[in-house]
Enquirer: 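Take this structure first; my questions come after.
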Amino acid sequence: MSVVITGLSKHFGSVRAIDDLSIEFRPGAITVLLGASGCGKTTTLRCIAGLEQPTAGEITIDDHAVYASARGIDLPPEQRELGMVFQSYAIWPHMTVFENVALPLRAKKVAAADIDRRTRGTLATVGLSQQIERGATQLSGGQQQRVSIARCLVADPRLILMDEPLSNLDAKLRVEMRQEIRHLQRRIGATILFVTHDQEEAMSLGDEIILFDKGKVVQRGAPEELYFRPRVRYVAEFLGKANLFPVTVKPGPGGAEILAGSEGLAIARGEVSGAETPGPALAMIRPEAWQIAPAGAPGLPCRVEDTTFVGDRRELQLASPLGRQIVVTPGFRTFAAGEELSLTVAPQHMHLIRENAA
Ligand code: ATP
């Protein structure tokens, strides 16, 4: 199902929650609206749902205008044919799991036999067949969230809006539920718009990520695109850890030379993306992209300042002649504070940002 917003604004008094926003969402995919708290992602979702009246603009769902300020169109949520899942499960405590999930079908006056079949089928889809007759509040947090997802799915929506639906779950369950949502989406082929401020959730869940800042889209693309090819510093820093430092690009016949620091230290040479034009740039190297060589080998000479064990990886904080701390993930090899080493990076693992070069 296609969703298009055009010139959408929502102002709360003097606060411009979103301002002249235009986005075409990809049909049949999971699009994650990502950004820091207060950047306008929830407001965007609520405008699409019909829970918030925009100040101006247009919203179409499958080519039908559901909101158009100029034409006075503003369909109520129930006529927009979409499903919603929120952070709070919003399930009824006095009802059983079955009754909670059957609710939207009862409201639509669906025949009793169909209600039974569809409700049981949907509960099987979310793995709650064993809990059908249980009181909804006798379930764990993850199971309660599955009830609210089932209640959304039971009406067969082709567009599903999810606003931080996993934030109340513990870390392990959150990861499992992400996979479940992905599998579900693949099975039913719905368009899902998913709001989160968690970059890891966004990258593992999204076919596409739209990164917001202050009511505007900063960059959109596949998770790998945003992670490896950020257009601006904000994107590089929002998604994962990034080593960023000013460099000078000198294009040459054998590829570009990338010089860093006041002494013009050559830190990479070759086919670096974005190095076709000479001049200043901001180099970005992800912690896992560095290669570690013994001290004295060609490269950037560094000294280990600190090491952090993060379970699935180690991080080294290094002092370098660039005057900035560099973060490196060297796998499981251990290093001691004070140890000297040399860093190199393959040209294809360096990315140049042309904005904010300093
Ligand atoms: P969060 O992740 O914290 O929910 P968000 O990115 O979803 O943040 P919004 O909730 O869309 O951001 O809020 C965008 C801006 O609009 C914020 O500055 C917020 O304070 C403001 N805002 C949102 N709703 C209202 C409201 N009902 N009244 C006044 N201001 C509001």
Side-chain angles (χ1 to χ4, degrees), residues 3-25 30-59 61 66-67 69 74-77 80 82-90 141 145 148-149 152 159-171 173-175 177-178 181 191-221 223 226-227 230-240:
V3 181
V4 180
I5 61 182
T6 314
L8 197 71
S9 299
K10 173 65 186 174
H11 302 164
F12 296 99
S14 62
V15 176
R16 292 168 178 250
I18 50 174
D19 203 22
D20 196 15
L21 194 64
S22 297
I23 305 173
E24 261 183 56
F25 293 95
I30 303 181
T31 300
V32 176
L33 284 68
L34 176 68
S37 181
C39 68
K41 47 201 193 300
T42 292
T43 303
T44 306
L45 207 70
R46 287 174 59 83
C47 286
I48 295 169
L51 299 173
E52 205 75 74
Q53 191 181 36
T55 311
E58 202 167 308
I59 303 170
I61 298 179
V66 295
Y67 176 81
S69 55
D74 188 10
L75 296 190
R80 298 191 181 196
L82 44 83
M84 285 180 264
V85 184
F86 300 102
Q87 182 175 352
S88 62
Y89 316 132
Q145 190 54 295
S148 67
I149 291 172
C152 159
L159 172 62
I160 300 174
L161 311 182
M162 296 184 155
D163 191 354
E164 307 253 9
L166 310 181
S167 330
N168 286 339
L169 307 181
D170 66 52
L173 199 56
R174 212 156 51 218
V175 172
M177 291 293 290
R178 281 178 206 157
I181 290 173
T191 302
I192 297 184
L193 310 187
F194 189 105
V195 162
T196 184
H197 62 271
D198 179 333
Q199 43 109 2
E200 195 181 301
E201 187 157 285
M203 287 198 279
S204 59
L205 195 59
D207 296 301
E208 189 174 37
I209 295 175
I210 298 184
L211 182 60
F212 280 68
D213 185 30
K214 300 187 189 82
K216 299 266 188 209
V217 174
V218 195
Q219 190 173 348
R220 69 180 287 178
L226 266 68
Y227 186 79
R231 276 208 291 270
V232 292
R233 177 192 276 267
Y234 182 82
V235 179
E237 289 181 328
F238 199 92
L239 293 174

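Counting begins at 1 with the first residue of the sequence. Values below: every heavy atom of this structure, side chains too, minus hydrogens, waters and symmetry copies. Order of listing sets the numbers, starting from 1, for every ligand and every atom in it.
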Enquirer: For Ile18 versus Gly40, what's the shortest heavy-atom pair and its separation?
Expert: CG2-O, 3.6 Å

Enquirer: Are the side chains of Leu21 and Thr44 in touch, meaning some heavy atoms are under 4.5 Å apart?
Expert: yes

Enquirer: If you measure only the distance, is there a donor-acceptor pair under 3.5 Å linking the side chains of Ser9 and Asp20?
Expert: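 No, Asp20 and Ser9 have no side-chain donor paired with an acceptor closer than 3.5 Å.
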
Enquirer: Check ligand 1 against the protein and report each N/O to N/O distance under 3.5 Å, formatted as atom name, atom name, distance.
Expert:
{"unit_1": "ligand 1", "atom_1": "2 (O)", "unit_2": "Lys41", "atom_2": "NZ", "d": "2.9"}
{"unit_1": "ligand 1", "atom_1": "3 (O)", "unit_2": "Ser37", "atom_2": "OG", "d": "2.6"}
{"unit_1": "ligand 1", "atom_1": "4 (O)", "unit_2": "Thr42", "atom_2": "OG1", "d": "3.4"}
{"unit_1": "ligand 1", "atom_1": "6 (O)", "unit_2": "Gly38", "atom_2": "N", "d": "3.4"}
{"unit_1": "ligand 1", "atom_1": "6 (O)", "unit_2": "Cys39", "atom_2": "N", "d": "2.9"}
{"unit_1": "ligand 1", "atom_1": "6 (O)", "unit_2": "Gly40", "atom_2": "N", "d": "3.0"}
{"unit_1": "ligand 1", "atom_1": "6 (O)", "unit_2": "Lys41", "atom_2": "N", "d": "3.2"}
{"unit_1": "ligand 1", "atom_1": "6 (O)", "unit_2": "Lys41", "atom_2": "NZ", "d": "2.9"}
{"unit_1": "ligand 1", "atom_1": "7 (O)", "unit_2": "Thr42", "atom_2": "N", "d": "2.8"}
{"unit_1": "ligand 1", "atom_1": "7 (O)", "unit_2": "Thr42", "atom_2": "OG1", "d": "2.7"}
{"unit_1": "ligand 1", "atom_1": "8 (O)", "unit_2": "Gly38", "atom_2": "N", "d": "2.7"}
{"unit_1": "ligand 1", "atom_1": "11 (O)", "unit_2": "Thr43", "atom_2": "N", "d": "2.9"}
{"unit_1": "ligand 1", "atom_1": "11 (O)", "unit_2": "Thr43", "atom_2": "OG1", "d": "2.4"}
{"unit_1": "ligand 1", "atom_1": "12 (O)", "unit_2": "Gly40", "atom_2": "N", "d": "3.2"}

Enquirer: Just wondering, do Asp19 and Lys214 contact through their side chains at under 4.5 Å, heavy atoms?
Expert: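 Lys214 does not reach Asp19 side chain to side chain.
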
Enquirer: Examine the side chains of Asp163 and Gln87 and answer whether a donor and an acceptor come within less than 3.5 Å of each other.
Expert: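 Note: Asp163 and Gln87 side chains miss the donor-acceptor criterion.
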
Enquirer: Can you give each donor-acceptor pair under 3.5 Å made by side-chain atoms of residues 192-200, sequence neighbours left out, with the distance rounded to 0.1 Å?
Expert:
{"unit_1": "Thr196", "atom_1": "OG1", "unit_2": "Asp198", "atom_2": "N", "d": "3.0"}
{"unit_1": "Thr196", "atom_1": "OG1", "unit_2": "Glu201", "atom_2": "OE2", "d": "3.2"}
{"unit_1": "His197", "atom_1": "ND1", "unit_2": "Glu164", "atom_2": "OE1", "d": "3.2"}
{"unit_1": "His197", "atom_1": "ND1", "unit_2": "Glu164", "atom_2": "OE2", "d": "2.9"}
{"unit_1": "Asp198", "atom_1": "OD1", "unit_2": "Glu200", "atom_2": "N", "d": "2.9"}
{"unit_1": "Asp198", "atom_1": "OD1", "unit_2": "Glu201", "atom_2": "N", "d": "3.1"}
{"unit_1": "Gln199", "atom_1": "OE1", "unit_2": "Gly240", "atom_2": "N", "d": "3.1"}

